[in-house]
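Start at 1 and go down the list; that is how both ligands and their atoms are numbered. Values below: all heavy atoms of this structure, side chains included; hydrogens, waters and symmetry mates excluded.
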Amino acid sequence: MLSLLLTVLAADSLSFVRVNQVGYLPDAPKVAVICSLDSARFRSFVVRDESGRVAFGPEPAVASGSFGPCKTTHRLDFTALRATGRYTLIAESRGPRAESQVFRIGPTVYAGGADTLLYYMRQQRSGWNPLFGDSVHRYDGNVIDDSGRVVKFAPVSGGWADASDFFQYVTTSANATYLLLAAHRDHPLAFGDLFDARGRPGANGVSDALDEARHGLDWLLRMFPSDSEMYNQIADDRDHTYFDLIVRDSSDYGWGHGRERPVYACTGRPQGLFQNKNRSTGYASTAGKYASSFALAAQVFARDSAFAATLKRKAEAAFALGRRYPGVCQTAPARSPYFYEEDNWADDMELGAAELYALTRQVDYLISASNYAKAEPMTPWFGADTARHYQWFPWHNNGHYVIWRGDTPRGGIMIEYYRAGIEAVVRRADNGFRIGIPFIWCSNNLMTSFATQALLYRRMSNDSKFREYEQAAIDWLFGVNPWGVSMVIGYPNGGTWARDPHSSHASKLGVHVLLGGLLDGPVYRSIYQNLRGIRLVQPDEFAPFNTGFIVYHDDLGDYSTNEPIMDGTANLAYLLAALAEAPRSTQPLRRSSTKSR
Ligand SMILES: [Ca+2]
Ligand SMILES: [Ca+2]
């Protein structure tokens, strides 16, 4: 990896043209950004095709100020170039010259992207794991009370490991399940059928998105075994004691190495067995997520009438529990001070109610959904400078879209709600990269959700006013950032992406096993410096680009920027599915079409 650093230092120019390494859709805005580590000024650029002919330009390079390590940035807009092909972009001035890597324009550049992310999801599976061909965490788990005493054993093995640690959270897993189902609902043609239900190679007649969603659903059903018992988490950060492969997880929670792990239930009370406690106040944040996943699944799996009936009953029971116990059910910390500090629950109950309305057409669910939407019209991190860890989760509110999708008179208000959030981010995006999100931990999730909300807004309103910013967030994820790195491991093929992610699987088996994993992404320098236990284990090949207010390290030791995350990967799967396949209709679905499922 030092070779990259040497390349940087040996370059005759300190200016780097960053392009979207996946490529550009013909009808989308197309912009490359030059990040200069010195105060270089560029006047114009041209785009050359594969034969070296000028296909576009010369056009002016627009100086756009400094950003982080980039003393100057220039935006190079070639939106008008629409012809499918492979191109190179060359920018010139009196002194320096900067040339991009080869990039693509074409209608199918995102084909296969969503499926690529599912590789990562499969190797994160708890229960039967297809990467190892073996069952993992088969002794899950012991339901515990507030003091850690065992209440009973409950068979809850399954779900996905949350990141490079191996615990299972309903918060993130239910949201991931929902997003996979929604991706299939809205963009079924984006996914193939190359794997079976257990995640082994071989078609089974079912979209791989649904195979993966079903893995999540089956676990969620085990985690909500009766109408009054709602589990929220398996294991805790005592998991961090060992850096094992998931199949050899030797954590010991007091019942033996590799044996039972604790199961935490929603209780409405603060939880934490040691000095650190969360601030839980109710069930609704988790209950709403169960309800939305089950209610959408009941629609998607309608042909399996027995399964759909179970899902509908469970969705209604979860929603009722959320109504009875408003408030948040946060994840429980153990030895570490870090947990998911989710503070909002109206968003979750809104989505649950909206999907229950889509499923049942009972008007009281629509009224509930609308009231919850009014309680939190804008996801609060939009426009903010910072937020606590997972304070506003999910990262964007899918409920507004589902209310609109139900073809109700409230659809127009939902469009306004989304627009307010987008405008708040855009107001902060006056920089060369057109980026306005706060660089808190897991910034790639915020980037993905901003792009998704902007895409949903455009679909709902037919207003393309914010498309430049929507595209800038997508481009950022795939290389238009100071480091020139795609934030998805192994994607695109031939791109520049992390080789040393924070993961025992990658360090022991090779980075290829993490194909499709979305990284946390860059963070404010202050966050990187203040998190505990981060130590780079190799020289920083990106050191010249880590001099500004945000940092990113391709290093095994940096869990703040270089750890792949399960929920972020599922979040991006929806966006990539949308980019791979234009929606069949940009209009709200009519009631009749929903009923005919
Ligand atoms: Ca399949
Ligand atoms: Ca929430």
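Sequence neighbours left out, the pairs with a member in residues 156-181 that pass side-chain hydrogen bond (donor to acceptor under 3.5 Å, both in side chains) are Trp160-Glu212, Asp162-Thr172, Asp162-Tyr340, Asp165-His240, Gln168-Arg261, Tyr178-Glu355.
Under the 6.0 Å distance and 45° angle rule, Arg122 does not count as a cation-pi partner of Tyr120. A cation-pi arrangement is found for Arg200 relative to Trp128, the charged atom lying closer than 6.0 Å to the ring centre and inside a 45° cone about the ring normal. For Arg214 and Phe301, the positive end sits near the middle of the six-membered ring, less than 6.0 Å away and at most 45° from its axis.
Sorted by chain and number, the protein atoms of type N, O or S within less than 3.0 Å of the Ca ion (ligand 2) are Glu342 OE2, Asn344 O, Asn344 OD1, Asp347 OD1, Asp347 OD2, Asp348 OD2, Phe393 O. Excluding waters, the set of protein N/O/S atoms under 3.0 Å from the Ca ion (ligand 1) reads Asp193 OD1, Phe195 O, Asn204 OD1, Val206 O, Asp208 OD1, Asp211 OD2.
Annotation: side-chain hydrogen bond (donor to acceptor under 3.5 Å, both in side chains) contacts of Asp211 (sequence neighbours excluded): Asn204.
Taking the six-membered ring wherever Trp is involved, the centroid distance between the rings of Trp441 and Tyr559 falls below 6.0 Å. Between Tyr418 and Trp404, the gap from one ring centroid to the other reaches at least 6.0 Å. A ring-centre distance under 6.0 Å is found for Tyr325 and Tyr283.
Under 3.5 Å, the side chains of Tyr401 and Arg459 contain a donor-acceptor pair of N or O atoms.
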